[in-house]
Participant: 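The structure is given below, and queries will be raised subsequently.
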Amino acid sequence: MLSNKRIQELELVMEFEKVEECFKEVSSWIENVGRKRLKETINLDDSLEMLLQAQKQFREFDLVASEYCRRGQEALKKMDRWEDFSSVDVDCYRVKLQTYRDQLEEFCTQLDENRHRICETVRLYEFFDKVRQSICCTEEGVKS
């Protein structure tokens, strides 16, 4: 039984090393590209036209970022079996796995929050633009 457990642990380590390349690629993209692009969306312009342009640019980024999130989540799913092993030999891999999981979850959450914030901001600006146009039309009707 011990031998079988040890073989399973070694198989998991070999599997981790294969999947780790994907983790490293996703992690590197998040740190070098993703986080920087998310920071750029913190300060949104104060005109509807500029905001719509920012939304368009964010959507293009969002497609790429969502693909990285999906790839990272698929890689993590492959490693779900790690939860069953409590060996000291696999602890360092479990720590790495948790670090990747935390980083990916944080980034995906920030991506979702920014997507929602931009969408809501655009809706709000569109509403205010309609109100402004209605007021202008009403004022012109009163003057006539």
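Worth knowing before you read on, the calculation uses all heavy atoms, side chains too, and leaves out hydrogens, waters and symmetry mates.
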Participant: Could I get the full list of side chain to side chain contact (heavy atoms under 4.5 Å, CB included) partners for Leu52, not counting sequence neighbours?
Facilitator: Leu48, Gln55, Val122, Glu126
Participant: Please determine whether residues Leu10 and Leu97 belong to a single hydrophobic cluster, defined as Ile, Leu, Val, Met, Phe, Trp and Tyr linked transitively by side-chain heavy-atom distances below 4.5 Å.
Facilitator: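 In one cluster with Leu10: Leu97, no.
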Participant: Is there a side-chain hydrogen bond (donor to acceptor under 3.5 Å, both in side chains) between Gln133 and Asp129? Walk through the geometry before answering.
Facilitator: CA-CA 6 Å; Gln133 289 174 1; Asp129 195 50; 3.3 Å; yes
Participant: So, for Met79 and Leu12, which heavy atoms are closest and what is the spacing to 0.1 Å?
Facilitator: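 Met79 and Leu12 have their closest heavy atoms at CE-O, 4.1 Å.
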Participant: Check whether Val33 and Val26 end up in the same hydrophobic cluster, where Ile, Leu, Val, Met, Phe, Trp and Tyr are linked by side-chain heavy atoms less than 4.5 Å apart.
Facilitator: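 Both belong to a single hydrophobic cluster.
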Participant: With sequence neighbours excluded, what pairs up with Ile7 under the side chain to side chain contact (heavy atoms under 4.5 Å, CB included) test?
Facilitator: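 Expected list: Ser3, Glu11.
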Participant: What's the separation between atom OG1 in Thr41 and atom CD1 in Ile118, rounded to the nearest 0.5 Å?
Facilitator: 4.5 Å
Participant: Who are the side chain to side chain donor-acceptor pair (under 3.5 Å) partners of Arg59, not counting sequence neighbours?
Facilitator: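 Arg59 satisfies side chain to side chain donor-acceptor pair (under 3.5 Å) with no other residue.
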Participant: Show every donor-acceptor pair shorter than 3.5 Å between a side-chain atom in residues 66-73 and any protein atom, with sequence neighbours excluded, or say none if there are none.
Facilitator:
| residue | atom | partner | partner atom | Å |
| --- | --- | --- | --- | --- |
| Ser66 | OG | Asp62 | O | 2.8 |
| Ser66 | OG | Asp62 | OD1 | 3.2 |
| Glu67 | OE1 | Arg70 | NE | 3.1 |
| Glu67 | OE1 | Arg70 | NH2 | 3.4 |
| Glu67 | OE2 | Arg70 | NH2 | 2.3 |
| Arg70 | NH1 | Glu74 | OE1 | 3.0 |
| Arg70 | NH1 | Glu74 | OE2 | 2.4 |
| Arg71 | NH1 | Glu25 | OE2 | 3.3 |
| Arg71 | NH2 | Glu25 | OE1 | 3.0 |
| Arg71 | NH2 | Glu25 | OE2 | 3.0 |

Participant: Looking at residues at least two apart in the chain, or sitting in another chain, which of them share a salt bridge (charged side-chain N to carboxylate O under 4.0 Å, His left out) with Lys96?
Facilitator: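 Lys96: salt bridge (charged side-chain N to carboxylate O under 4.0 Å, His left out) contacts with Glu20.
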Participant: Between Asp102 and Gln98, is there a side-chain donor-acceptor contact under 3.5 Å, judged purely by atom types and distance?
Facilitator: yes
Participant: Drop me the distance from Arg132's CZ to Cys136's SG, to the nearest 0.5 angstrom.
Facilitator: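 Here the interatomic distance stands at 5.5 Å.
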Participant: To the closest 0.5 Å, what do you measure between CZ (Phe23) and CZ (Arg101)?
Facilitator: 7.5 Å
Participant: Give the cluster check for Leu104 versus Val64: same hydrophobic cluster or not, with ILVMFWY residues linked at side-chain heavy-atom distances below 4.5 Å.
Facilitator: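 Yes, it is one cluster - the side chains of Leu104 and Val64 are joined through contacts under 4.5 Å.
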Participant: Taking only residues two or more places apart in sequence or in another chain, which ones pass side chain to side chain donor-acceptor pair (under 3.5 Å) with Asp112?
Facilitator: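 Scan of Asp112 (side chain to side chain donor-acceptor pair (under 3.5 Å), adjacent residues dropped) gives Arg115.
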Participant: What's in the same ILVMFWY side-chain cluster as Ile135, cut-off under 4.5 Å, chained through other members?
Facilitator: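 Its cluster partners, ordered by chain and number, are Leu124, Phe127, Phe128, Val131.
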Participant: Can you name the residues that form a salt bridge (charged side-chain N to carboxylate O under 4.0 Å, His left out) with Glu17, not counting sequence neighbours?
Facilitator: none
Participant: Do Arg37 and Glu40 sit within salt-bridge range, that is, some charged N less than 4.0 Å from a carboxylate O?
Facilitator: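 Result for this pair is yes, salt bridge flagged.
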Participant: Hey, are Glu106 and Arg35 close enough for a salt bridge, meaning a charged N less than 4.0 Å from a carboxylate O?
Facilitator: yes
Participant: State which residues pass side chain to side chain contact (heavy atoms under 4.5 Å, CB included) with Glu49; sequence neighbours excluded, sorted by chain then number.
Facilitator: Ser47
Participant: Can you list the residues that meet the side chain to side chain contact (heavy atoms under 4.5 Å, CB included) rule with Ser27, with sequence neighbours excluded?
Facilitator: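 For Ser27 the side chain to side chain contact (heavy atoms under 4.5 Å, CB included) partners, ignoring immediate neighbours, are Tyr100, Gln103.
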Participant: Between Phe61 and Trp29, how do the two ring planes meet: parallel, tilted or perpendicular, split at 30° and 60°?
Facilitator: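 Geometry flag for Trp29 against Phe61: parallel rings.
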Participant: Please enumerate all residues that pass side chain to side chain donor-acceptor pair (under 3.5 Å) together with Asn43, with sequence neighbours excluded.
Facilitator: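 Here no residue qualifies.
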Participant: Give the C-alpha distance, both sets of side-chain angles, the deciding distance and a yes or no for side-chain contact (heavy atoms from CB on, under 4.5 Å) between His116 and Glu113.
Facilitator: CA-CA 5 Å; His116 179 72; Glu113 289 171 354; 5.8 Å; no
Participant: Suppose we screen for side chain to side chain donor-acceptor pair (under 3.5 Å). Which residues come up paired with Lys24, at least two apart in sequence or across chains?
Facilitator: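 Testing Lys24 for side chain to side chain donor-acceptor pair (under 3.5 Å), a comparison that skips the adjacent residues, returns none.
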